[in-house]
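Report on the following structure.
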Amino acid sequence: MALPPAIRSGCLNLQSGGAPLPVPTAAPSGPATAIDTKIIKTADITLEVKDVPGSVDALKAMVICQGGYLSSSNIQTGYNNQLTGTVVLRIPQAEFENTLAGVKAIGTVKSVSTQGEM
């Protein structure tokens, strides 16, 4: 499987979706009266790739470079022995957009859906 240059070069210059870990979006304003607002962003992306296991490995390496981790993965054999897979990535909120771009670079994007919730 040919990896995008950002992934081949390691953690440096990595541009990359997944579900990030919540982080405060506002600085505390006082000792006990401040309430930190946390926004959890999620992305559902459908990709077509030539090498499913290799792509899962590439995604795992990518999120580690972004300070995250692979939460779960599932590879199945379907119709005509075609492999399909699902992965859940957990990354810091600050790396959401970079990771999203990197995930899209792994294969041919078939669909993308993103959302944020408090």
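In this text the structure is predicted, and so the values were computed from the model without any measurement. The figures that follow rest on heavy atoms only: side chains count, while hydrogens, waters and symmetry mates do not. Residue numbers start at 1 and run along the sequence shown.
Under the rule for a side chain to side chain contact (heavy atoms under 4.5 Å, CB included), the partners of Ser72 that lie at least two apart in sequence or sit in another chain are Val88. Scanning for side chain to side chain contact (heavy atoms under 4.5 Å, CB included) contacts around Thr77 gives Asn81, Leu83, with sequence neighbours left out.
Nearest approach of Thr114 to Ala43, heavy atoms of both residues: CG2-CB, 3.8 Å. When all heavy atoms of Ile75 and Pro53 are compared, the closest pair comes out as CD1-CA, 4.0 Å. The minimum heavy-atom distance linking Gly68 with Pro92 is given by the pair N-CD, 4.0 Å. Between Ser73 and Val56, the shortest heavy-atom contact is CB-CG1, 4.1 Å.
Residues Leu47 and Val109 form a side-chain contact, since some pair of their non-hydrogen atoms from C-beta on lies under 4.5 Å apart. By the 4.5 Å heavy-atom criterion applied to side chains, Ile45 and Leu100 are counted as neighbours.
Note: Met62 CE to Ile91 CD1 = 9.5 Å, rounded to the nearest 0.5 Å. Residue Glu117 holds its CD atom at 5.5 Å from CD1 of Ile40, rounded to the nearest 0.5 Å.
Just one of Ile64, Leu89, Asp57 meets the side chain to side chain contact (heavy atoms under 4.5 Å, CB included) condition when paired with Leu70; it is Leu89.
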Are Ile39 and Gln93 close enough, and set up right, to give a side chain to side chain contact (heavy atoms under 4.5 Å, CB included), and what steps lead you there?
CA-CA 8 Å; Ile39 298 176; Gln93 186 272 336; over 6 Å; no

